[in-house]
Amino acid sequence: MARLVMKFGGTSVADLDRIRNVARHVKREVDAGNDVAVVVSAMAGATNQLVEWCRQAGALHDTREYDAVVATGEQVTAGLLAIALEGLGVEARSWQGWQLPILTDNAHGSARIVDVNGDELIKRFKERKQVAVIAGFQGLHKDTGRITTLGRGGSDTSAVAIAAAIKAERCDIYTDVDGVYSTDPRVVPQARRMDKIAYEEMLELASLGAKVMQVRSVELGMTRNVPIMVRSSFEKPEDIDPSKPPSGTLICDESEIMEQQVVTGIAFSKDEAQISIRRVQDKPGVAAAIFGPLADASVNVDMIVQNVSADGATTDLTFTVPSADYERARMTLDKAKGAIGFERLDGATDVAKVSVIGIGMRSHAGVAAQAFKALSEHKINILAITTSEIKFSVLIKAAQTDLAVRTLHTLYGLDRA
Ligand code: ADP
Ligand code: ASP
Ligand code: MG
């Protein structure tokens, strides 16, 4: 007997049939003797619709009201799943974030969890074997008492936080793929499923574009030591043998992985924009004059490339920002033009970042060099490069993303045999 968290994403609860399917998965674990807390997302597409309504209601809306609106999607699925479970004879009740509560800071729209109270859930496991069905994605601001949401994909983080709070043996993330692959299996059909992946690698994959897990959920799993299993809700509940280890990908500590490859995965993101500042003065303080105002405007700057000045007086500086921040970044720089001193701004939103990740890179030289050669052989021009201990990224034209990902996937021997 164990204590488990089972999280189901949007496509897994897309309609009543899918919700009934989820109820059968939950019943399977309950019948096997486990105490279960379920975390649900909104039905597929529901959150997008709610976000769109907020935008149409007022372009510059109050983010506290945005949260009040977008948190409702999860309320619906939590209630529906509790009803479906009761229909199968499983005692269950729904919980909203504010009812537990799940306390957060006040960064409305992308709040961070500060505390989860799991006491009442544990009490009900012990007293009546009651399944808790918890609305993911939402919380309560610890001081103002207002509803918050955790950022897109945030139900993953709700699930891991609850797993830590109730000291669950494992947090199962049920989704529409049967594990974590070497790259997005929808782009590269030869992608290989991994049995295990280290938290650190998953963190890089997620931050660099693989949306299978929200970044913060992996961070939390790593710091609170929660084993996370990514698996499919599309596997028939009746076909699963509870006495066998589940099939999927375990996200765990590096020390639990016996065979370590140099490169484990490739991630990509098309939500990137590039800004080049032409003929900026080459003197101390210029970087501060540029990146200070951008930071004040909450623009997230990523890759930065500065050319060596040819004339000793001016140079070009290129960097990337998320495409959602592109217009704000340009406006901010235009306003600061006098203080910075540059000739003009060039920008592009048709760029993508492709990243290669692997803990083995710590101890292997020349991994990135191989990629540069392979990309050039496919006439893929590299606009910028960044490297760190266990990954490197290249910025390329967005139209070449799939080709670049496939090329690198093959290059590093990741294609399925
Ligand atoms: P959910 O609605 O269950 O939260 P998401 O859509 O957020 O599901 O995440 C699952 C999707 O992540 C998959 O459908 C897949 O296309 C995508 N994905 C991207 N990179 C990877 C990867 N490396 N391994 C598995 N899935 C990935
Ligand atoms: N429903 C929210 C979203 O679509 C949270 C989640 O599904 O994880 O972003
Ligand atoms: Mg998700």
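Note that ligands are numbered from 1 as they come in the structure, with each ligand's atoms numbered from 1 the same way.
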Item to check | Protein residues having a heavy atom less than 4.0 Å from any atom of ligand 1 | outcome: K7, G9, G10, T175, D176, V177, G179, V180, Y181, T183, D184, P185, R186, A210, K211, V212
Checklist entry - Would you say M1 has more than 12 foreign heavy atoms packed within less than 6.0 Å of its CE? => result yes
Checklist entry - Can you name the residues that form a side chain to side chain donor-acceptor pair (under 3.5 Å) with S207, not counting sequence neighbours? => result none
Next on the checklist: I want to check something: taking the side chain as every heavy atom from C-beta on, are E256 and P227 in contact at a cut-off of under 4.5 Å?
Outcome noted: no
Next on the checklist: Donor-acceptor pair, distance only, cut-off 3.5 Å: does the side chain of R416 make one with the backbone of P189?
Outcome noted: yes
Checklist outcome for this item: Test side chain to side chain contact (heavy atoms under 4.5 Å, CB included), reference T183, set I357, V188, L205, output is V188
Donor-acceptor pairs under 3.5 angstrom involving side-chain atoms of residues 375-385: please list them, not counting sequence neighbours.
| residue | atom | partner | partner atom | Å |
| --- | --- | --- | --- | --- |
| S376 | OG | K373 | O | 2.8 |
| E377 | OE2 | K373 | NZ | 3.4 |
| H378 | ND1 | A374 | O | 3.2 |

Checklist outcome for this item: The answer, listing residues by chain and number that come under 4.0 Å of ligand 2 through any heavy atom, is S41, A42, T47, E74, F137, R152, G153, G154, S155
Item to check | Residues D325 and R328 bridged, charged N to O under 4.0 Å | outcome: yes
Checklist entry - Looking just at side-chain N and O atoms, do N307 and T315 make a donor-acceptor pair shorter than 3.5 Å? => result no
Checklist entry - Short question: side chain of H108, backbone of E65 - any donor-acceptor pair under 3.5 Å? => result no
